2 protein chains.
Amino acid sequence: MPAPRQAQIAESPERSTPPAGRNLLFLREEELRLAQDLLFFGYRDFTAGADEILAGMAMGRAHHRVLHFVGRRPGITVGDLLGILAITKQSLGRVLTPLMEDGYVLQTPGRTDRRQRLLALTDKGAALERRLFERQRETVMQAYREAGPAAVEGFRRVMRGLMGDQARTAFDMLEGPPAP
Amino acid sequence: MPAPRQAQIAESPERSTPPAGRNLLFLREEELRLAQDLLFFGYRDFTAGADEILAGMAMGRAHHRVLHFVGRRPGITVGDLLGILAITKQSLGRVLTPLMEDGYVLQTPGRTDRRQRLLALTDKGAALERRLFERQRETVMQAYREAGPAAVEGFRRVMRGLMGDQARTAFDMLEGPPAP
DNA sequence: CGGATCGGTCAATGATACTGACCCAAACGG
DNA sequence: CCGTTTGGGTCAGTATCATTGACCGATCCG
């Protein structure tokens, strides 16, 4: 473990006047390795429940992501969905086309721009998305309850901070008004 | 850091009679969808930097995970590594064997049990792991600084809560004493 | 000695992603 | 009105990460 690099004056936003010692240490190497472990284990188990359901239906995580974001923003265009997922058109196609063929997702031409294909969930799609959601809800609820409301707020701030500009923009869009 | 379990009544979805304000709302549907989004975007961008480096070396995320956990626990057995990663022997082999052939990871027979292969990083392996670590450190440091120390503690508690039993055991082992 | 364990390897399969090229149809701009 | 741009779809080929099931050698242990 070489030079722990102490970064004392971290505090740019906040300025939460640390109660004594250990707060200045929070950027040390060990703390960051801890973060790596947390993210690896936590994310893996967060997705595990839904993955199990999906596996039984010849689908994968990518299908879930489409169901999730289309459900979150009914009427989203293919282009906007591509921007959120940050994958290629081809990768999306391999997942979106079957979802439409199997009646989970519905496509309607845009009203103002008829080149656009506006996406929405069918009842069947909404039901599957709901099932996946409920499963993950158990996991997240458990974690939230154990950790408490204050921890949840901290969790949100850190996760948001991990995002790059592109993701942050997409994220803020999603959490914001349902309209633009 | 054992589980502080402070679960105050869950509030069945809806019925949000916020007494002191926003604290009892934190289990509503929208809050959980927010968590899904945070985890998707946050985890993706957390890994993006390292993925970029790895891509230039004909390696992937799985190689990084091996370097990371072997670096974290030098002398770990193949079996224990399999337990941490929760993948199959075959999947590990496809990654571990090339890492050894290319001189990133070193194998030495166990002293007490000579069936075991104790794994450790070579200098070359440690250097690569370091490079990947530094890259992720930038991302995490940025997020930690923006969020502040209190948020970091909350982040940890929530991420740990997302883990299943198996992962939590492995995690506590990793964060605990280096010796067992 | 015999069974269990640790580690490695075979073959086949599937999910997710990539690149680059090419196409149609609709919109837009001079 | 025509040419270009944009939104969307699709072709073929490739890579990584994971799976299952079977089987083997070496070693440990009762």
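Quick note on labels: first sequence line is chain A, next is B, and so on, each numbered from 1. Keep in mind that what you see is a predicted model, and the values were worked out from it rather than measured.
When the side-chain nitrogen and oxygen atoms of A/T88 are compared with OP1 and OP2 of C/dA17, none of them lie within a distance under 4.0 Å. Phosphate contact (OP1/OP2 of C/dA27, side-chain N/O of A/R114, threshold under 4.0 Å): present. In this structure, B/H63 reaches the D/dC17 phosphate: one of its side-chain N or O atoms is under 4.0 Å from OP1 or OP2. Residue B/R65 places at least one side-chain N or O closer than 4.0 Å to OP1 or OP2 of D/dA18. The phosphate of C/dG8 has neither OP1 nor OP2 within less than 4.0 Å of any side-chain N or O from B/T97.
Contact annotation: side chain of A/Q107 to base of D/dG9, donor-acceptor pair absent below 3.5 Å.
Residues A/D51 and A/H64 bring no donor and acceptor atom of their side chains to less than 3.5 Å of each other.
Annotation: B/F40 is in aromatic contact with A/F69 [ring centroid separation under 6.0 Å].
Counting non-hydrogen atoms under 4.0 angstrom, A/G60 reaches the backbone sugars and phosphates but no base. Among the atoms of the strands shown, base atoms are found under 4.0 Å from some heavy atom of B/R94.
Each side chain to side chain donor-acceptor pair (under 3.5 Å) pair with one or both residues in residues 124-134 of chain A, not counting sequence neighbours, appears once here: A/E129-B/R33, A/R130-A/E134, A/R130-B/E29, A/E134-A/R137.
Here D/dA18 is the nucleotide among C/dT16, D/dA18, C/dG8 with the atom lying nearest to any side-chain atom of B/S91.
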